[in-house]
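Since the model is a prediction, treat every value here as computed from it, not as a measurement.
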Amino acid sequence: MTRAIRTLGVMSLGIVALGVHASSVGAQTWTADNGNGTYSNPLFYDEFSDPDLIRVGSDYYLTGTTMHAMPGLPVLHSTDLVNWTFESYALDRLDLGPAYRLDAAKEVYGKGIWAPSFRYHAGTFHIFSNVNGQTTQHFTATSARGPWTRTPMKRSFHDLSVLFDDDGKTYVIWGYREIHLAQLDTALTDIVPGTERVIIAPDAGMGEGSHFYKIRGKYYITSAWYAGRMRMPCARADRPEGPYEVNFEISADEDFGLREGYRLRGNGTGDEITVIPPNPGSRGHMSMHQGGIVETPTGEWWGFSMLEGNAVGRLTALSPVTWTDGWPYFGLAGNLGRTPRTWVKPRSAALTHPSAPYVRNDEFSTPQLAPIWQWNHVPDDAKWSLRERPGFLRLHSLPAADFWWARNSITQRAVGPQSSPTAILETNGMRSGDVAGLALLNRPYAWIGVRRAAGDVWLEQFDQTTGDTARVRLAQHRIWLRAEADFLTERAQFSYSTDGARFIPLGAPFTMIFQLKTFQGVRYALFNYNTSGTEGGFADFDAFHVRESHPHGLTQPIPLGRTITLSLAGDGPAFMMHGDTLAVARSGESATRFDVVNRGAGRIALRMGTGLLSVRVGADSSRVTLRRGAADDAETFQWIETPYGDLVLLSLATHRYLHADVRTGIVSVDAAGPTPDPRDGSLLRWSATRDR
């Protein structure tokens, strides 16, 4: 269906200014470091799935799944587990036939490189990674910056993990539910004959995505259970071959209150595109699951894992680890298995500042592509250039039926919770049949771009979900293309501009969806293809910028030193003091005012008069009362926001959250954490009443 046809000159009359000039778009991107000694999950608000993390001395290294995107297997470095820098890609490209090049009507969407095992041994970095339909690939380097050498192993190990034991032997484990173990040969290309065995039976409670460790003489395996309610089991034994005992949940139900979003029937793996509405219930579908653990030089233990982030993709989270009865639980002592979204950073000897591993904005002024970019499948290097016209990315068009099959589409991960990519396109070199522009690569996908056909030049916006095309005639050669993407509502709106200052919406809002066909979240993409069955002209991209409205874990500053009232999120009732006890206000009662006292590291106390809100520790720990005197842990709360900006208050005394029962009016600190239910009594809002 085609609609909204009109002629576009310099600018139509009556347009409201909706954007800002591209050159003024801020370069700030999501950073987990809050700058006050705390961090907020996720570590990166863009897809980083199947993470594996190691420590080498006082340095940490991280890699993860990249599927069909090239280059692949990014290697990141950190000295504090929170702020990361890019080191290299272990894989430049993986060309194993036409499907890897989007050639001969074949593709490998949702396939390629996945579930890597990252290790360091005897001066060498090792990454072992799965490839669909191929043997496991082994990458080695003496520096995290590369160069990396790839060696195919002689067999495939599903979701493997490798352990270099201190007796000189090297073990590999792999499998889903039924966990196998074998000893690797000295070349690390195959198993030693006769050493393969099943060490954990299918009904024992383990899943996939194993991580294998030797800690204090014992062997530990963490894994992911993803069917239905996601969780992290753990197994331990005195010997690598077992017998193993299994703890079903070292982490469970932690989604930070993120609600399950749109999905596709059949997870999008078939031809049908049928959208399933969001699921408001709490069924554990979003929870942290696949990951492992690491010890710091100071003796702290931390966990890393991924969780479902809806359309933006799978996200990586960092968790404090509490050892209890010999098990490494994610979370704090009073709330095992649940991870606070905001917590104090790991102790580190290195002085670090808030930073992100990538710069998203690109003026295309360097001779090489910035590491943020990855190609959709293996590119044709003869058909793109940064040198033909310095300061521009030039994409020559190759034949394709539609955007899905367009070769040399260049992508970067979309970033949440809200972001707006803007591309500047010059169209002078485009020929008849060429289609070039800015896309949200996904299934379904959508794009806004320029089509040259039969002497006409059209600006179009296409939505694969509906098949709708909105279009206007274009009379200029330079155009700004934009997408406003909100990954909390999972809606995106495309717009365009002819001067970079005033943007005009084009097309209806687009619904962004997570699915398993690409096995990735939404990606921004720049593309140029030709629909006439031949090679066409070229499209020149002058710049690419990403604007983020909330690039930190707090949508607004903590109101330190101010006076506030508290109430339940939405239109919920206010809180007030009934004598010395905190309760939900009854009809007609006014909210109590509290002074917010700074306790450092993003923590606060709430003062009323000469008393402080205090959490009783002991038999009656459910009540919150006023206590006179200096603040201690019982009077201190970690100030945390959910991804939607709702406030939750975590008691340092109990490691539980403030929670209100509207039916009884009782306010307690017994909540394990926020849930996706918007009526959850632990979701709060605050209002400042006056400055102090």
query = Any side-chain donor paired with an acceptor under 3.5 Å for Arg263 and Asn310?
reply = yes
request  = Specify whether Phe544 and Trp373 have parallel, tilted or perpendicular ring planes, treating 30° as the upper limit for parallel and 60° as the lower limit for perpendicular.
outcome  = perpendicular
request  = Give the ring-plane orientation class for Trp174 versus Phe157, where under 30° counts as parallel, over 60° as perpendicular and anything between as tilted.
outcome  = perpendicular
inquiry  = Would Arg407 and Phe527 count as a cation-pi pair here, with the cationic atom under 6.0 angstrom from the ring centre and within 45° of the axis?
reply    = no
message = Any donor-acceptor pair under 3.5 Å linking the side-chain atoms of Tyr39 with those of Asp80?
response = no
ask   = What salt bridge (Lys or Arg N to Asp or Glu O under 4.0 Å) pairs are there with at least one residue in residues 132-141, not counting sequence neighbours?
value = none
ask   = Mind checking whether Tyr109 and Trp404 have ring centres under 6.0 Å apart?
value = yes
Pair Tyr220 and Trp323, ring centroids less than 6.0 Å apart = yes
key: Neighbour count above 12 (heavy atom, 6.0 Å) for Lys345 NZ   = yes
message = Does the structure place the NZ or CZ of Arg119 under 6.0 Å from the centre of the six-membered ring of Tyr213, at an angle of no more than 45° from the ring's axis?
response = yes
Could you list the donor-acceptor pairs under 3.5 angstrom formed between side-chain atoms of residues 120-127 and any protein atom two or more places apart in sequence or on another chain?
{"residue": "His126", "atom": "ND1", "partner": "His138", "partner atom": "NE2", "Å": "2.9"}

query = Between Thr511 and Glu490, does any side-chain donor sit less than 3.5 Å from a side-chain acceptor?
reply = no
key: Aromatic ring pairing Phe212/Tyr219, orientation class (parallel under 30°, perpendicular over 60°, tilted between)   = tilted
key: Arg491 and Tyr262 side chains, donor-acceptor separation under 3.5 Å   = yes
Parallel, tilted or perpendicular, as decided by the 30° and 60° cut-offs, for the rings of Trp148 and Phe118 = tilted
